[in-house]
Each structure stands twice: as C-alpha cells, then as structure tokens.
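Order of the sequence lines sets the chain letters (A, B, ...), proteins ahead of strands, with each chain counted from 1.
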Amino acid sequence: MEKELNKNCANCPAHNLSHLVKLGIDMTDYDYVVALAGNPNTGKSTVFNNLTGLKQHTGNWPGKTVSRAEGGFIYANKRFKIVDLPGTYSLLSTSTDEEIARDFILFGQPDVTVIVVDATRLERNLNLVLQVLEITDRAVLCLNLIDEAERHGIKIDDRLLSKKLGIPVVPAAAREKIGISELLKMIYEVATGNYVCRPFRVTNDFHKLTHAVEELDKKLQELFPNLNNTRWIALRLLEGDQRIIDAVRSGEIGTIKLSENISA
Amino acid sequence: MDKENLIETANKLRWQFGDGLHDLIIESIYKNAEEIAQKVISKKGNKQKFDFDRFIDKIVTSKWTGFPIMFLLLAFVFWLTVVGANYPSKLISFLLVDTVHPFLKGIALDLHFPWWLSGVLIDGAYLSMAWVVSVMLPPMAIFFPLFTFLEDFGFLPRVAFNMDSLYKKVGAHGKQALTMSMGFGCNAAGVIATRIIDSPRERLIAIITNNFSLCNGRWPTQILIASIFIGSLVPPYLAGLISAASVVGVAILGIIFSLIVSWFLSRTILKGEASAFSLELPPYRPPKILQILYTSLIDRTIFVLWRAVVFALPAGAVIWLVANININNISLAEHFINWVNPAAILIGLNGVIILAYIIAIPANEIVIPTVLMLTVLTTKISGVGAGAGVMFELENVSDVAALLQAGGWTTLTGINLMLFSLLHNPCSTTIFTIYKETNSVKWALISTFLPIILGISVCFIVTRIWFLFG
C-alpha cells in the first residue's frame, strides 16, 4: 500500500523538485556530471554536503579542500555525480590546485559547472567566474553567503547579474540551507538543456592582443571545427601553456564535444 | 602538420608581447569583472558603519596583542578541558571498569574459559579499551568542540596570519602555518593538507615538521601528566591554571621546534628560497553550534576514540602477553624494561615509558594506559589490579599519581614524558601517510627518526640541567 502511494507521488512533477535523494558516495550510472568550482572559503564544501548528504569536513579557512571530493544525488529521476574542486582564485597560473580545477572543467567536460561565489566579495570572485565561462558554456552561479552580504549592507541585483553573465544566478546561504532547492532546479535545467546559457566572454581593448587572438582563433576553428572555446585556447597558446599545446598537438583538444545547446 | 603550424604561429606571436602578456590577460579579466560588479552591487547608505571584522582583526593580528591573545585563548581552552574532564572520567571508569569488567569475568568463569583466554581477552584487550575510553573520551568531548568552535569562527587563519612571517623567515612556505594548525587536530591530516603547498621543497619541510604539532592523541597525555606532576607543584586553587599553562608551553615549544627544524632543513638538505603567497583573512562567521557539536563529536571525538579502541584492543592483548610470558621466571616485559632502564634513566625517563612508546606506535592515544599497566606490572603493586598485566581501576587523577610515584616517577619524569610525547616518532598512520604523500622511504624515515633524536637529546639536556640545579 505504501509502495503504491510512493509510486503515485513519484509521478507528480512537484515530487521531483522537492525530493532530493542524497546518494553519498554512490555515483554509479550517473546521467550528468556537475563540477563545483569557486574561490577558497566560499562554502563549496557546504554546498557539496548539502547536495550529497556527505559530511565532508568544512572549516572557515581557505585551502581546506586539498583534493577532489566526489559524491552523488538523484534529482527529478536523474542521477548526478558531483565533483568538489579545490578552491582557486584563478584558472590561469601554474599551481597544482588551479591545474586540477581547470583540467577538470576543460577535459572532464562536466555537464554543469556550479561556481560558488562569496556575495560579500563578488567583484574579486567574478574574476574566476569569467575565467570559468571562457572554458565552459554550461554554468550556474551560486551567490553564496547572501545573508552575510545583507548584514554588511551589500545588495546584489541577481537578475541583472544573470543577464550580464548569461547564466542562471541563485542567491543562497548554504549554511542555512537557503537556496539549495533553487540551485538544484537550475542545475537540472542547465544539465538537460532546458536553460540555454549565453555566457559572457571577456573582451579586451588591447588591439595587438585582439589581433593575435583572432589570427590563432581562425586557424583553430579550421583545425577543430567542433570546438566552441577556441578563443580561450588561442589565448593559452599565445601564453605558451604547455598542457594546452600538448592537447592541441595530440588532437585531444578536438575530442571536447560541442555542447548541444550551442549547436541548436 | 597544420597543428605544428598553429603552434609555430602562436610562438611567433608571443614575441610581440614579451613578459607583459600574462598581465595583459589578467588586466582585461579584472576590468570586465569590475564593470559587471559596479552595475550589480549597491551598498546601503551608512557606509561608515562600524566594521566589526576589521576591529577584531586589528587586535588579534596586531604585532603586540596577536601572540598573547592566541596563547591566552589556547590556555583557556586547556584550562576548561583539564578542569572539566575529571568528573565524567570517574563516571565512565566506574561503569566500564568497576561494573562491566567483573561482570565479564563472571561470564568467563561460568563458561569455564581457560585462565589465559580470559586473561588475554578481558584483562588485556577489554580493560585497555575501557581505560582508553574513560581516560580519553571526556577531555576530547570538551576539547574538540572548543577547538572546532575556534576553527568555525575563523580564528585559525588568524593564527596562520600571525605565524606566516616567521615561517617565511626560516625559509619555509607561509602556508605551513595552516598545515601546522591542521596538525593540532591530526598529524596525518596535516601531512595531507600540505598539498596546498606547491613547491616540493617547502612541502617536504612542512611534512617533516608537522609532527611537532601536538595531535589529538597526545593532548590527553599532556593534560593528564601536567595535572599530576605540574599541577601538584602549586596550591590547589592554581593547579588547573598552571597545568593548562604548561600544556600551552609544550605546544608553543612544538611550534618553536617546527621553526628551528624548518630553518635547519632549508639551510641543509632542502636548500632554497621561500616563495611568496597571499593569505586571505576570511570573514568571521557566527559559528553554528549544532554543526560544531556534530563535527567535533562525530567526526573528531568518535573517530579518534574509535581508532584508539581499535588499536588498544590488540595492544592490550600484547601487553598482557608480554607481562605473562615468563623466561627464567621473569616476564618478557620486565626483561626489556630492566635492559633499557639504565639508558632511559640517563635521559630522565624509564624503561616502562620506552616500552610503552614501542607498543603504542600504532596510536599515541594508548601511551598512557600502556604506561600505567606496565607500571603496575613492574612495581608489583597489589590491590589495584588483579595480577600481572591487568589494567586496574583508578578512579581519579590522584590514584594515577600515587601509582606513578610508587613506580619511581618524579616531577622530572613527568616533564620529560611531556617533552618526549612532543618529540618522538609520528604514529604509524602518519608515517604511512608521509610515505604515500612523498612516495619515498627516505623521507618517511627522516620524518620518523629526526623527532626521536631530538626528543632524546632534549630529554637528556633537561635531565642534566635538572640535576645540576636540583
């Protein structure tokens, strides 16, 4: 009898959106991969724990997560695998943390990258957000610590921010479990392609740089017609980034699939 | 070959920019971020509002008040632990040792267990486990929530901030201050945390010196020995305070040693310059009390206790065996203790302590129970135990004190045990973690033996000085 009841409930759309099944470390047969990126000490691990039901140790200090943590959850009948990346301030320089985070977003091709930012330090955090959006076009911004920002008298126009960045923005206070269900919904929407991101791309007004990038970009597009972040790769080549040069040389870069929402 | 052509072009174009390219790219990102931020962020009128965070930071990271506040806070935490742990300890010991132990013995008798089987299982394994729980659980249940509270509030990065310039001066990475703080929880965790240090040279220094942070397993030893031997030197109303201060003293000594050894390493086998880094001070956050209780009690207290119990069970059996297997009518343990005693006394310790540290390599947590059990065995005290190698019921700190004094312990032994507990090999879990992290037997061995050599030297020097003035 109880089983019957549950079955009926499962058919109701409201059930999916309000019932999160935390799978802990069970990540078998997942449908989507979610990466969790962000500056250190923005509450990534707290978001991670909220989604997976795991009890990864959290602490109020930067650099707590030193290696990748993985977990899973079921939402709307889809199985998600979620990877908590080490916190970094950028994806540019050469530290191991940044390399792990960047390589996962670039080569691991997560279906959604959730960028957790500290709402009280939005401007600095945006530097990382823009860099992530250079690499992937499926992202959700989690505007965490929004309660703290309010306490400090900081107001953030999240709708305008979403419009500017071209990705969903979810205000949240993960420690208080506020905004988690909205975050889940947006992860789901982006993963399934219901929400089509139009990510903001960094512009620069240094003519010499623009020119050089364009030249490389054109060649890249000829070589790898399926690639969508050629501009970013062009920049890395220009910088002499060995990992990317190797990936271009071996053709690995060409295997990065074009996401469906862009081809549409 | 188009790919090579592409890479070639990139290499050629790079020359136009020289060193400035990276900065140019970063600059454009920052500029874009600034533009977006300006549009979406608005601050409410009263900008001159009192900034609580910066006010606290000014005090706790100040040149003059930073360190004293740090030490006072630590001392306060230990004082609460020392004072608060005694009563629940008695209660648990009454339950596990006075009530459950005779009950188990009764069952063994009813089932006609041979004497050696009930000896190994109940007098050895069970009693050592009971001891570990009653000695360790109360201090941990008080200390860990307080420590987690400081961590959650955001105090640890401030500790790192205060320490960071010191570490840079000795040629290590400033982040070592953070991994050192982690080591106060668990050295194995601290060693893993050194992954946040990128330079292999600096990371090795951080790994080798992490052991100088007193870990979970050693806090109870420090607290117990300090309350017995240091607290008894002063009038009772000062005892708690002075014991707490001496534990802080040992912890600070550990930090000093980690600085000295880092300095030594970065000038000898791990030469190099310290690399720069920036440390961000996170905002203070109102700690979440329930979550603190959960993490500190489940993740830390139960975790450490479980580990101690798991290691104490076989260790208890081993102790019982070495105490009851006789050669020439003298037990194995006594043979060993008599053999190392002359050397041990030279460094102000005794054979019992040395044997205890050998048996307790798997976990620092069981050092004290092992010491007590071996002391009963060698002093042949009757009345407290039920025979050789049997852990006994000791209801409070003064019972332990009486026993140790009967075993020939002096204040010097207590002080040296506290020092040796700080300066000795890491537990086997940490040694294994070091091996896995460095992938090198050499560094694992150095990390193991360097502290032992230091510990023996320091204890020796302290003993000489003690006798010079005593």
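Side-chain contact between Lys43(B) and Lys155(A) is absent, with no heavy atoms from C-beta onward closer than 4.5 Å.
Glu215(A) contributes atom CD, which lies 6.5 Å from atom OG1 of Thr9(B) (distance to the nearest 0.5 angstrom). To the nearest 0.5 Å, atoms CD (Glu123(A)) and CD (Gln38(B)) are separated by 7.0 Å. Here the NZ-CD distance, from Lys219(A) to Glu8(B), works out to 10.0 Å after rounding to the nearest 0.5 Å.
Annotation: maximal heavy-atom pairing with chain B below 4.5 Å, among Asp118(A), Asn127(A), Asp158(A), Ile156(A), occurs at Asn127(A). Residue with the most contacts toward chain B among Thr42(A), Asp157(A), Thr120(A): Asp157(A) (heavy-atom pairs, distance under 4.5 Å). Most heavy-atom pairs under 4.5 Å with chain B, from the set Leu160(A), Leu216(A), Leu161(A): that is Leu216(A).
Across all non-hydrogen atoms, the minimal contact from Ile154(A) to Ile41(B) is CG2-CG2, 3.7 Å.
Contact annotation for Leu13(B): both backbone and side-chain heavy atoms come within less than 4.5 Å of a heavy atom of chain A. Only the side chain of Glu148(A) comes within less than 4.5 Å of a heavy atom of chain B; its backbone N, CA, C and O stay farther away. For a residue to count as touching a neighbouring chain, one of its non-hydrogen atoms must lie under 4.5 Å from one of that chain's; by this rule Leu220(A) touches chain B with backbone and side chain alike. In this structure, the portion of Leu130(A) lying under 4.5 Å from any heavy atom of chain B is its side chain and not its backbone. Residue Glu176(A) touches chain B through both its backbone and its side chain, counting heavy-atom pairs closer than 4.5 Å. For Arg175(A), the parts lying near chain B are the backbone and the side chain together; criterion is any non-hydrogen pair under 4.5 Å. Residue contact with chain A, scored on non-hydrogen atoms closer than 4.5 Å, is absent for Lys12(B). With a 4.5 angstrom heavy-atom cutoff, Leu223(A) touches chain B only via side-chain atoms. At a 4.5 Å heavy-atom cutoff, Glu134(A) makes no contact with chain B through either its backbone or its side chain. Interface residue Glu27(B): only side-chain heavy atoms are found under 4.5 Å from chain A.
With hydrogens and angles ignored, the 3.5 Å screen pairs a side-chain donor or acceptor of Asn32(B) with a backbone N or O of Thr203(A). The closest donor-acceptor contact from the side chain of Arg14(B) to the backbone of Leu237(A) lies under 3.5 Å.
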Full working for side-chain contact (heavy atoms from CB on, under 4.5 Å) between Arg249(A) and Leu6(B): CA-CA 9 Å; Arg249(A) 190 169 276 147; Leu6(B) 170 71; over 6 Å; no

Check the pair Phe224(A), Lys3(B) against side-chain contact (heavy atoms from CB on, under 4.5 Å), reporting the backbone distance first and the verdict last. CA-CA 10 Å; Phe224(A) 308 104; Lys3(B) 289 175 196 160; 4.2 Å; yes

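Environment of CZ in Phe71(B): crowded, with over 12 heavy atoms of neighbouring residues, nucleotides or ligands closer than 6.0 Å. Taking a 6.0 Å sphere around CZ of Phe200(A), one finds it holds more than 12 heavy atoms contributed by other residues, nucleotides or ligands.
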